[in-house]
Number of protein chains: 2
Amino acid sequence: MVVDPDAVFHALADATRRDILMRVIRSGQSVSELARAYPMSFAAVQKHVAVLERAELVSKTRRGREQIVQGEVGALRLVARLLDGYEHLWRQRAAGIERILEEEQ
Amino acid sequence: MVVDPDAVFHALADATRRDILMRVIRSGQSVSELARAYPMSFAAVQKHVAVLERAELVSKTRRGREQIVQGEVGALRLVARLLDGYEHLWRQRAAGIERILEEEQ
DNA sequence: CTAACGTACAACCACATGGTTGTAGATCCG
DNA sequence: CGGATCTACAACCATGTGGTTGTACGTTAG
């Protein structure tokens with residue numbers, strides 16, 4: 001399954017989810033550990049994790065009765081490259097303008 | 001006003017808006033020109049542009065009766081740096097694991 | 001001046017989102 | 001076994017989102 005930019009950007013468009021992502025990138029944590037870190041219900045955190053999971057920014061693995069959430073850096077790289085692409089367009093445009101200005105001299 | 005990551009990621013979480021952004025980065029276009037390019041009403045495109053504008057990914061400047069939408073690369077760079085930050089965390093973690101493995105030998 | 005064009009904005013609708021509570025299934029501990 | 005813990009998921013609610021249509025206003029063209 002290819003990464004869906006819509007899903008990845010949407011997942012990143014929430015401060016709580018970005019915070020969860022940072023935590024689990026640093027080191028995997030169970031859903032309850034995460035839930036204890038935020039002023040909201042367990043179910044709410046569970047939903048945030050599900051959004052990150054759909055975007056393939058995190059993955060879960062069972063360990064006994066706990067579910068360990070881990071960061072996945074692949075999708076992140078992909079959207080970072082997308083943003084780089086936009087910036088490349090920008091530089092091309094800037095270069096085009098420069099070229100035109102030079103030719104006008 | 002500092003860039004709001006929520007706003008920027010949310011703006012990018014829609015294929016139509018990403019397409020609009022690419023177009024106007026390449027070269028500024030009026031709102032009507034943009035509207036003609038998509039299978040939706042003028043008002044809908046206008047709203048998408050407004051979302052991009054709130055995220056400071058584009059800016060508008062009047063030219064006669066037209067409103068020219070232009071790409072702004074600043075916010076883009078900022079969120080790209082944010083993503084780089086996450087990847088940095090990832091590498092730190094990976095480095096930490098390697099160090100631990102080395103010490104265990 | 002009048003007509004057409006480009007824009008802005010409000011009102012409305014269907015649906016997704018972010019939060020809640022409650023219930024139920026696994027798994028571990030004493 | 002029985003209780004505590006971790007997880008999953010459904011139902012519900014308020015609010016936001018993406019789309020529509022309609023109306024109003026400034027600007028340009030004939």
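Below, chains carry the letters A, B, ... as their sequence lines are ordered, and counting in each starts from 1.
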Comparing nearest nucleotides in DNA chain C, the 5'-proximal residue of the pair A/Val45, A/Gly64 is A/Val45
*Closest-nucleotide 5' rank along DNA chain C - winner of B/Ser30 and A/Asp14*: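 Its nearest nucleotide being more 5', the pick is B/Ser30.
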Measuring to OP1 and OP2 of C/dG19, would you say a side-chain N or O of A/His48 lies under 4.0 angstrom away?
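Yes.
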Problem set entry | OP1 or OP2 of D/dA8 under 4.0 Å from side-chain N/O of A/Lys60 | yes
Can you tell me the distance, in whole Å, between the [atom1] atom of [X] and the [atom2] atom of [N]?
X	N	atom1	atom2	answer
B/Glu66	D/dG26	CD	P	18 Å
B/Arg63	D/dT27	CZ	P	16 Å
A/Ile68	D/dC6	CD1	C1'	11 Å
A/Gln67	C/dT27	CD	P	11 Å
B/Leu12	D/dT17	CG	P	15 Å
A/Gln29	D/dT7	CD	P	11 Å
B/Arg62	D/dG26	CZ	C1'	8 Å
A/Gln46	C/dG19	CD	P	14 Å

- Message: Within the 4.5 Å heavy-atom criterion, are B/Leu52 and B/Ile20 side-chain neighbours or not?
- Response: yes
When you compare the side chain of A/Trp90 with that of B/Leu76, does any pair of heavy atoms fall below 4.5 Å? no
Check your understanding: Among D/dA11, C/dT17, D/dT7, which is the nearest nucleotide to the side chain of A/His10?
Key ->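 Selected nucleotide: C/dT17.
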Please tabulate, one pair per line, each protein N/O and nucleotide N/O from nucleotides 23-25 of chain C that are separated by under 3.5 Å, including the distance.
none

inquiry  = Test: salt bridge (charged side-chain N to carboxylate O under 4.0 Å, His left out). Region: residues 57-66 of chain A. Which pairs qualify, not counting sequence neighbours?
reply    =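 The answer is A/Glu53-A/Lys60, A/Arg63-A/Glu66.
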Per the salt bridge (charged side-chain N to carboxylate O under 4.0 Å, His left out) rule, what does the pair list look like for residues 10-24 of chain B, sequence neighbours excluded?
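Checked against salt bridge (charged side-chain N to carboxylate O under 4.0 Å, His left out) - neighbours excluded - the pairs reaching residues 10-24 of chain B are A/Asp6-B/Arg18, B/Asp19-B/Arg23.
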> How would you list, by chain and number, every residue that makes a side chain to side chain donor-acceptor pair (under 3.5 Å) with A/Ser59, sequence neighbours excluded?
Replying inline: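 Per chain and number, A/Ser59 pairs via side chain to side chain donor-acceptor pair (under 3.5 Å) with A/Glu72.
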The side chain to side chain donor-acceptor pair (under 3.5 Å) partners of A/Arg54 (sequence neighbours excluded) come to none
(message) Below 4.0 angstrom, which residues in residues 15-27 of chain A have at least one non-hydrogen atom near DNA chain D?
(response)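 None - not one residue of the stretch has a heavy atom sitting under 4.0 Å from the strand.
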Residues in residues 33-44 of chain A with a heavy atom under 4.0 Å of DNA chain D, by number, are A/Arg36, A/Phe42, A/Ala43
inquiry  = Using the side-chain contact (heavy atoms from CB on, under 4.5 Å) criterion, which residues pair with A/Ala80? Sequence neighbours excluded.
reply    =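 Listed in chain order: B/Leu83.
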| query | side-chain contact (heavy atoms from CB on, under 4.5 Å) with A/Leu89: which residues, sequence neighbours excluded? | reply |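 Scan of A/Leu89 (side-chain contact (heavy atoms from CB on, under 4.5 Å), adjacent residues dropped) gives A/Gln92, B/Met22, B/Ile25, B/Arg26.
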inquiry  = Are A/Val51 and A/Leu21 linked, directly or through intermediate hydrophobic residues, by side-chain heavy-atom contacts shorter than 4.5 Å (ILVMFWY only)?
reply    = no
- Do B/Ile68 and B/Val49 belong to the same hydrophobic cluster, where Ile, Leu, Val, Met, Phe, Trp and Tyr are linked whenever their side-chain heavy atoms lie under 4.5 Å apart, directly or via other members? no
Sequence neighbours excluded, the answer for salt bridge (charged side-chain N to carboxylate O under 4.0 Å, His left out) partners of B/Arg77 is A/Glu87
Between B/Ala75 and B/Ala55 the two heavy atoms that sit nearest each other are CB-O, 3.6 Å
